[in-house]
Asks: 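One structure follows; several queries about it will come next.
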Amino acid sequence: MASYTPMIQQYLKIKAEHKDAFLFFRLGDFYEMFFDDAKKASQELEITLTSRDGGAADKIPMCGVPYHSAAAYIEQLIKKGYKVAICEQTEDPKAAKGVVKREVVQLITPGTVMDGKGIHETENNFIASVTAFPNGYGLALSDLTTGENLTVFIKRIEDVISEIYSVGAREVVVSSSLEEQTVVQLKERCGATISIEDGETDERIEIAEQLKSQELMTTFMRLYTYLKRTQKRSLDHLQSVQVYELEEAMKIDLYSKRNLELTETIRSKNKKGSLLWLLDETKTAMGGRLLKQWIDRPLIRAGQIEERQEMVETLIAHLFEREDLRERLKEVYDLERLAGRVAFGNVNARDLIQLKESLKQVPAIKDLVASLNHKMAKERAERIDSCEDVLQLLEEALHEKPPLSLKEGNLMKDGYNQKLDEYRDASKNGKDWIARLERQEREYTGIRSLKVGFNKVFGYYIEVTKANLHLLEDGRYERKQTLTNAERYITPELKEKEALILEAENNICELEYELFAELREKIKMYIPRLQKLAKQMSELDALQCFATISENRHYIKPVFSEDHVEVIDGRHPVVEKVMDSQEYVPNNCEMGESSQMLLITGPNMSGKSTYMRQIALISILAQIGCFVPAKKAVLPIFDQIFTRIGAADDLISGQSTFMVEMLEAKNAIVNATKNSLILFDEIGRGTSTYDGMALAQAIIEYVHDHIGAKTLFSTHYHELTVLEEKLSQLKNVHVRAEEYNGTVVFLHQIKEGAADKSYGIHVAQLAELPDDLIARAQDILKELENTGTKPELPAQEPKSAVKEKPAQLSFFDEGEKPAEKSKLSKKEKQVLDTFKSINLLDMTPLEAMNEMYKLQKKLQ
Ligand code: ADP
Ligand code: MG
């Protein structure tokens, strides 16, 4: 250390306190990085790695970015999940004795970015914090851009992860004592950056005062301490912490949210194609964020749902008012984030103009809502505080079109401040005097092109073109500058006035800046009221969005029942939109008394998965208060939805498809209640036939006997349809397909009873596999059907779909059943012989596995 130069020593000292961040070390017009930071940053940002002397024998690796374009580089690093510590010079380099003082003024992290491309208008940017307690976990969420704070106590880490994932938090703050295994899970399953905060504080903060639970208090205070430590500036806009409970909303676990494509599609992870995309008719950024929150947490109390429904219904009934409301909301800017910027002190005059324009819309919006012919709407209107005093203040203070810069004046209106008016008068008088001077001198000299100009170097001057110089009387002005075709002059009087004007203008700029800062402070006091208004506007926006979608797409109002489902002509909202509603075949769904479970059979591609998803999406739409795509919909209020739908592997955790399938099934079986909705799509597909069928049957039986949840179970195992006879709550339905001249037409229509055929070959035909191949497959199928090698339906024994002694196991007791043996093909016999000759005791488990794998491949 000692051999380094003082500046590098200073760097190392600061860096030691910010080991987990890139240290952007201000050096003149650059932020420089050194040592490992430099090496890593040069790769991540694709900038040149250089080196410099630092006193030690070896040169120090270094790279840097210009100060004025640093924002883009910081954004790139944050996007990749890194943190950046901004270290500024905190004294004037000219005044410094020795090394200039430097300090970290802000730590930018994925969860605390305030602007730039990393922030989506219509998405929250939550940072989370998790604390483990003996009986569960505290979770706190905070969005610095909007000031929202939430906290919840959760029993299982699974649900914590699911919650963090669904709100999209990119950073999780934990104490260094949190179990390693939990940290790894948070990091990998949520894809979040982990930050450590061990600092303790006894500070009583107002926004957390109402927290009764010590666990929630500890959890929130950890997050607050972290924000305070890293942001080093005002957090005045943070709103009261809201406590919520997972049980207050319909629970949809992580897998199911993905499977149902609620806010992003499985394949591309884009909003386009998701339910959120379909619904998003919001006009404000705040409304867009609220809509996403609503979709993430559907309601489970009938009263709350019906309150939204009634507003939606009223808005549908009042088309003109609704259109008007939409037009007005379009003019309302992001009040929540504006409030955040006010608190952070980085709001500019144009932001405040946006605030003003937004506030101007509010009284009309309030009137509109009051004019809707409904008690609830009227009450809602009454609760709106239009913040007219804020509007008035802004109107009196701010210029209509202020510049971006706060240092050039032109921010404040005339008449707002007396001193400012005086300065402006002085400046204007001076300028008038100059205009007069120009007129007088033109007249006097007879030079029509004579003009008085201004530039930053010479100030005011009188300019005469060379061609006119002969008209100018000697010694009238003092020569200042010679141009190619003109001469510039000054006079003592002109300079005198100039001094007055410049002084006045300087005063104006300084005073305006001061006045603006004062205005900003004043607005700060209104933040809580503005935030409340923001909430009200975003709710109205989300409700009008529901009304608009419901009307445009011909949705109807669902009715809630105790226990049964009756959906007539239901449609899948997203598929219907994508495929043009003319072609979508609507379907009914009835579940109740003796049909809590539907076993759905039908050929591939016939629409089983779509049908199942459709029911789930209709239920979710109903429970967020929107209308639903159907002619009639009676639904219970579901407490949870579970899905197992054939989707891509869980790439993040690297689990195999079948393992994921089983994990999802387990999740449903462990947590579902009789008020839940379960979708099991072709469960057991990921393993061998008998294995899969056995599991499928056992799962159906278990759900039937122990849970009683509404369950849709699709399967390609036709053998399972016999279960209808055994299980009182299970009913068979199938998707209709018809055969015309050897090709299959899918009618996408759900009918009662079981499907009779699988039509797999026809799908292959649709996929345009070679004709020869298709013909061969048809031959084989015929052969199999004739020889009866196909697994038989257990006709005599309807109790179980799976044969007690499936063919696979017959390898071991072939002696007892010579009849079975004779049915073996040549290949199968070979495999069996090989198997017999294997010396298991000489093999390692892995070798045994490999051998088994080869044998199985042969059989398949
Ligand atoms: P399965 O799960 O039975 O293999 P899918 O649900 O994946 O079938 O649907 C197969 C195709 O049929 C999809 O491309 C889907 O767009 C279309 N489809 C499904 N249901 C309908 C319907 N009710 N009306 C029109 N097209 C449908
Ligand atoms: Mg399917």
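Atoms within each ligand, like the ligands themselves, are counted from 1 in listed order.
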Asks: Between E123 and K292 (salt bridge meaning N to carboxylate O under 4.0 Å), is one present in this structure?
Replies: no
Asks: Does atom 13 (C) of ligand 1 have a protein heavy-atom neighbour under 4.0 Å away?
Replies: no
Asks: Quick check on S606 - does any of its heavy atoms sit under 4.0 Å from an atom of ligand 1?
Replies: yes
Asks: Under a 4.0 angstrom heavy-atom cut-off, which atoms of ligand 1 come close to S609?
Replies: 1 (P), 2 (O), 6 (O)
Asks: Could you find the nearest protein heavy atom to atom 24 (N) of ligand 1 and give me its residue, atom name and distance?
Replies: V585 N, 2.9 Å
Asks: I want to check a possible cation-pi pair here: R289 against W294, using under 6.0 Å from ring centre and within 45° of the ring axis as the test.
Replies: no
Asks: For V575 and ligand 1, does the shortest N/O to N/O distance drop below 3.5 Å?
Replies: no
Asks: Say whether T610, considering both its backbone and side-chain N or O atoms, lies within less than 3.5 Å of an N or O atom on ligand 1.
Replies: yes
Asks: How far is atom 25 (C) of ligand 1 from its nearest protein heavy atom, and which residue and atom is that?
Replies: H748 CD2, 3.5 Å
Asks: Around atom 8 (O) of ligand 1, find the nearest protein heavy atom and jot down its residue, atom name and distance.
Replies: G607 N, 2.9 Å
Asks: Under the side-chain hydrogen bond (donor to acceptor under 3.5 Å, both in side chains) test against K557, which residue among E306, E313, E310, Q309 passes?
Replies: E313
Asks: Please indicate whether any nitrogen or oxygen in M579 is less than 3.5 Å from any nitrogen or oxygen in ligand 1.
Replies: no
